[in-house]
Asker: 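After the structure tokens below, expect a handful of questions from me.
By convention in this document, chain letters (A, B, ...) are assigned in the order of the sequence lines, proteins followed by strands, and residues within each chain are numbered from 1.
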Amino acid sequence: MWIPTGCLALLLSPGLVRTQDPPEKPQEPAKQETPAPAPAETGKSSSPAILIRAARVVVRPGEVLEQVSILVRDGKIIAVAKDLAAPKGAQVLETEVVCAGFLDPWSALCIDSGTARDTGTTPASRSIDGFDPWSPDSLRKEALRAGVTSVRIQAGATARTGGKGSVIRVAPQLTPEEAVVSSESCVSMNIGMSANAGGGQTIEFVDGQPTAVDTRGRPMDVFDRIADLDRVTSALEGGRSYRYSLVEHKHELEEWKKKITEKDAELEKDAKKAKKDREKEEKDAKDKGKPFEEKKYKEDKKPQPPRYDEDSAVMGRVADGELPFFVQAHRAAELRGLVEGTRGYDRLRLVIVGGSEARGSVAELAERGIPVLVWPALRGKGAGDEYDGGDLSLAGDLAREGVTVLLGSGGTDPAASRDLPLLAQIAIGHGLDRAKAFEALTIGAARLLDVSDRLGSVERGKDADLLLLDGDPLGAETRVQRVISAGRIVLNPED
Amino acid sequence: MLFEFLCTSALLAGPAGPGLSNAPSKSEPRTVVLRADRLLLGDGTTIEQGALLVEDGRIRAYGKDVDVPEGAGLVTHTGWISAGLVALHAYAGAPEEMRDSTRPVLDGSIAWAFDPAHPDFADALAAGITTLVLTPQPSALSGGSSAVVKTARGRVLSREAQLSLGFSAAALSINRYPTSFASAVAELDQRFVRGDGAFGRAKSGDLPVLIEADSREDVLRATAFAKKHKLRGAIYGANWIGELAEQVGEARLAAIFGPFDVGEERRTVQSVLKVAKAGLPFGFGLDSPWKNPESLRLSVALCLREGLDRKQAWRALSSQAAELAGVSEHVGRIDKGVDADLVLWSGDPLDLKSRVEAVFVDGQRVYEAKKP
Amino acid sequence: MNLSFLALLLAAAQNVQQPKTQGDAPRKNWVISAERIYTAAGRSLEHGTVAVQGSKIGMVSSGSEDSGPESLACYAVTPGLVDASARISSGAASVEQSREETPELRVTDTLSPFDNAWDGQVASGVTSVLANAPDENVIGGLGAVLKTAGPPSIAARTVKADAVLRGAIGSQPSRRNHAAFGRPTDFYSRRPTTRMGVEWEWRRSFYEAAASRKEPARSFKGCAQVLAALEGKLTLNIQAWTTQDIRTAVFLKEELEQEPQLGGKPRLVIDAAAEAWKEPQLLVRSHAAVVLPPFPEDGRTEESAFMAWNSAAMLVELGVPIALSAHGNSSPAGNLGMQAGYAMQGGLDFDQALAAVTINPARMLGAEDRIGSIEVGKDADLVLWNGEPFQATSRVIGVIVDGALVLDPRTKD
């Protein structure tokens, strides 16, 4: 069946582009997937049911239920209603407030530092391969105690081209399946980071002792930054054209098959004559002493598929909006360039990470619905100059102009994830609306990373990742009493 | 002296200099009554619906209500009012001027490096910090003496607040004397025995010392030294000093922490609680400009989350810090006769969600936050 | 100190328990029964018991006892090992580089009771060490004998303060110095820059110190300590790796004794005498004691000295008092117990090897009244082994320091 080129755009939607010959991976929907379960374990948690009786449940920002119970079983929230009876054998917990566990969308917790700092990553690199299920317990417990139950880990977090990020649960007691919420949740790249400004480290002998010495003397120059921006746009372009070439190949293949059948039919008609002709040619050639050459038809040549390129395949998915595209950029010129350069990609889901000088492009960002993931860090002198244009009121200012704002802890220091709620409070203190801050920590972050069907709010059918608190979430004197993650109690008051 | 006078006049006369872009262009009346939802006093207690009378740069009265004199300006604030925060240990303004590693012992006061128009001070002011202790960087056995300054209006409260003594490895150098701890202690011993200048004043108890330490061994060395020469003062920089609270207490020294950053090790935060539990006075440093002035409140928030008592936390930021800096007569609390250095907050200053809305120094409004 | 970090990593990897070195070890009147008790005091017991009384040894007897919660059992007990050259210091901050002679400075002023290196020492059975400043100076200062565990205070752990006057002969002290030629001057542009210069500095110190008895104006910082060493009141502890340096040390001692203006009676301990085996008669005639460095893996030690496997056996046979040392190495292959094992491979018998890591160093350091052997009234410093000590198949499973159970043999790893 021949498809007119005008309908090419339709074909770019998932599921239609399939080829048989090259070993291309089947298209995956942009949702969570868990690695194949080990033979002895299944994905279900086998802990007993839990009934939580709460004075207040913050279902999602702005929606609070009073005096309700939540029933948790097999890792899921089974019911949220008043007057639920506790099933037999269920553990009953009483608490003041329940809300969804916080998700840190910019974290370095639970990933080994080599993977996080890797500069050789490509879009096909998988952060989940760097996930360390046994990373130090104490940091993870502290994160739980602060209310952070899941994080996005990122290979090549500061590299020019990062890998595919992954959403994982922080609690140390979970099995590796329970811990991984999504193994492919976004692709990340960085523009204009001073961490990437030329050079690196060499070993020098200082006082007879070998010491690592930074050779990064020069700050990043304008041409480097332009090159970074170009890298982003050409990666997208490469991904899109890779997808186009796959589709073209599919058409060519079908064309070719059609032509083969036509030609076969044609040759079938004159089969006898063709056979005689061929025999004559063979005899002629033998007489003359020349080697017999088979007649070549141009239809013999089968169209070759484009060479398989996993990086372009991934970028193709990004260009089509199947995976969100997290790009870290801070300076106004780079942000403008990024926003302009991605204009042609209608389905692209771009997320600006950092965005210190995003105030300059706020109208565009709001109009195109590009979210900004802000790191409300306390910076002093000595931080990279890309952060100069930003300050603590960035989150509040952007949110007021209609930009979707998320909050993250910077993705470089694993211990910083623990203090994301404090950073959120600082952002609130500098102008971010309190409800928006809470949204950023819960359903907003989950939506950003395509896990909102499982995390981010206290609703039936979602995974049971809950905080049991003694006051308002984000209250200055509130303490997390208990944490439930993947349906299991992972933190108790005495821990 | 002349320099400071000129600075002060310039500030009062016309549009504020580059460091104070948010100051209003006209001066506040000399007598002002401020009313607020809550007054936060130096000891951590509060007065609901309280009022303050400020006259000639000082607080004249405070309480549930005050008499309003003729012609007094009136400021009604929805939120809390407290004394300005006191940050111990900063290098604001000209950090390179505060480091001299050419000689082991330097005479002199950091006050000479104080440039009140530097934007570092405006940043501190915007975070609610009205008093800063400027200290020499710990690259010498004794870097001179620290100074206490205000972050607005250029006033120097004390030119010789503490004698800085270096007990950490930073005081040593590989290419100038001393290169070892043993020599360093021997040299300081000699200086105190001789008792010249600032060393003499410290020996007699008039001048407190500010000991720069890093590891617990540094703290042990410092407490032994302080006990031997009967010095009083504080130790700054040893994160785990709380684990040696007993020795620090016996030496009658205080502890200055931080500031802490996001992701601070829990052991360090617990060290603060140990110090508090042992009843030792403590406060927080700022280390600006390397650290953001907001770190002061973040440090306290981390301690509160770990369980520090709120009143103790507030005192560490205000009245107790002022005592450690030796300027508690003038700043650090709301009381009669104390300088009118006040911060108008949107809520409880110990809550990170509260913001600085306005700051008064010496009774003048020197900062007003932009309305969102 | 860096080696200790490796040991810690190894220990962590093997899930070995961390010793309690910060004053938090439980104290009881422990009763240890073992199949072999090696007292290093002349006798060994089979199937015996050692009882601790407070912080001292209360009783040593035959027969086993099981008296409840204080009883511990193991295969063998030895006295706590004494490392006469443990290289424990705080690195650069322990050496005063502005002068080449700093006899008055104490290394104990620079040590940290919190250092992880102590854990490694205890885990390998070393309960007492001689701590010295690193040998960057010709005369480095005063060394002290310390316990490796106890209250978190160096002073509380000191067995003998000012035990030795430490110095070095060889190329190490002159390494950092340079001639002023062509370089901006710093205090490293000074003598000595050669071995001759180092020797010159030694002799000058002694001559000036001797002269200062009559002419106080010639006194210098540390003069008192040099005089004490000259007069034999303070043991001289000189590091000399190679043959020529050992000769220099011995000749220096003889000069101090024989020169009339000096008239000294120095007591000499030569540390790291790797090549002592080459001219053993020299050592015999000098009456010096020798501390051997750790046996190198490939024959060459630091300073390219060549150490023979039978060094210890040869010297013992000639009557030279020797001690073995591990230079702070607490790894399974290089710790002090293993050094004793290597010495046995080289020909020492067990009792001599035991003495070389216990009573001999204690005697050399003047601390034999408290440490070095299991005798009633001495400090309760004991090491519990799960096999014959000093063999690669045995391990230290328990350590008691001053009566406190720092490493518990009952804990399952």
Side-chain angles (χ1 to χ4, degrees), chain A residues 107-109 136 138-139 141-143 145-147 206-209 375-383 387 391-393 395-397 399-401 408-410 412-434 437 472 474-480, chain B residues 90-93 95-96 118-120 123-124 126-128 173-175 179 259-270 286-302 304-307 310 313 345-357 369-372:
Chain A
S107 169
L109 194 58
S138 55
L139 265 183
K141 272 219 176 102
E142 288 178 38
R145 168 89 38 220
V206 179
D207 284 335
Q209 295 300 313
W375 175 20
L378 299 182
R379 286 190 191 93
K381 188 163 147 166
Y387 302 113
D391 59 31
L392 293 168
S393 47
D397 290 346
R400 258 190 298 282
E401 300 293 329
S409 66
T412 46
D413 177 11
S417 271
R418 173 198 74 187
D419 294 333
L420 182 62
L422 287 181
L423 287 176
Q425 291 185 34
I426 291 176
I428 294 170
H430 286 261
L432 179 63
D433 175 61
R434 190 167 171 163
D472 273 321
L474 298 182
E477 297 181 57
T478 305
R479 298 282 171 269
V480 171
Chain B
Y91 312 121
E96 292 315 313
H118 197 283
D120 284 350
D123 292 339
S173 161
I174 198 71
N175 53 21
T179 70
F260 302 148
D261 200 359
V262 156
E264 191 67 49
E265 221 185 322
R266 196 163 174 218
R267 187 172 172 179
T268 305
V269 181
Q270 286 171 331
L286 188 54
D287 271 3
S288 64
W290 316 111
K291 296 280 169 85
N292 189 301
E294 304 276 352
S295 308
L296 210 62
R297 284 201 298 145
L298 175 67
S299 307
V300 168
L302 286 168
L304 288 171
R305 187 172 73 178
E306 197 67 33
R310 292 185 87 78
W345 306 88
S346 62
D348 181 354
L350 293 182
D351 182 349
L352 288 173
K353 299 191 288 295
S354 305
R355 60 198 304 252
V356 171
E357 294 191 345
K370 291 195 304 273
K371 294 278 178 286

Asker: Heavy-atom distances under 4.5 Å only: say whether Arg479(A) touches chain B with side chain, backbone, both or neither.
Answerer: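 Side chain only.
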Asker: Please report the shortest heavy-atom distance between Gln425(A) and Ala476(A), naming the atom on each side.
Answerer: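 Closest approach of Gln425(A) to Ala476(A), heavy atoms only: OE1-CA, 4.3 Å.
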Asker: Using the test salt bridge (charged side-chain N to carboxylate O under 4.0 Å, His left out), find all partners of Arg267(B) that sit at least two apart in sequence or belong to another chain.
Answerer: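 So Arg267(B) forms a salt bridge (charged side-chain N to carboxylate O under 4.0 Å, His left out) with Glu243(B).
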Asker: Whether Arg310(B) and Asp348(B) form a salt bridge (side-chain N of Lys/Arg under 4.0 Å from carboxylate O of Asp/Glu) is what I want to check.
Answerer: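 Looking at Asp348(B) and Arg310(B), the cut-off is met.
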Asker: Can you say whether Leu432(A) sits under 4.5 Å from chain B via the side chain, the backbone, both, or neither, judging by heavy atoms?
Answerer: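 For Leu432(A), no heavy atom lies under 4.5 Å from chain B.
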Asker: Measure distances from Arg145(A) to the heavy atoms of chain B and classify the residue's part below 4.5 Å as side chain, backbone, both or neither.
Answerer: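 Answer is neither: Arg145(A) stays 4.5 Å or more from chain B.
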Asker: Do you know which of Arg305(B), Arg297(B), Glu265(B), Glu264(B) has the most heavy-atom pairs with chain A at a distance under 4.5 angstrom?
Answerer: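 Maximum pair count with chain A is reached by Arg305(B).
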Asker: I'd like to verify something: which residue of Ala416(A), Ser417(A), Ala437(A) has the highest number of heavy-atom pairs under 4.5 Å with chain B?
Answerer: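 The answer is Ala416(A).
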Asker: Please say which of Leu378(A), Asp419(A), Leu423(A) ends up in a side chain to side chain contact (heavy atoms under 4.5 Å, CB included) with Leu298(B).
Answerer: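 That would be Leu378(A); it is the only one of Leu378(A), Asp419(A), Leu423(A) passing the side chain to side chain contact (heavy atoms under 4.5 Å, CB included) with Leu298(B).
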Asker: For Ser288(B), is it the side chain, the backbone, both, or neither that has a heavy atom closer than 4.5 Å to a heavy atom of chain A?
Answerer: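 Neither part; nothing is under 4.5 Å.
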Asker: Please identify each residue that fulfils side chain to side chain donor-acceptor pair (under 3.5 Å) with Asp472(A), with sequence neighbours left out.
Answerer: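 Counting only residues at least two positions away or on another chain, Asp472(A) forms a side chain to side chain donor-acceptor pair (under 3.5 Å) with Arg56(A).
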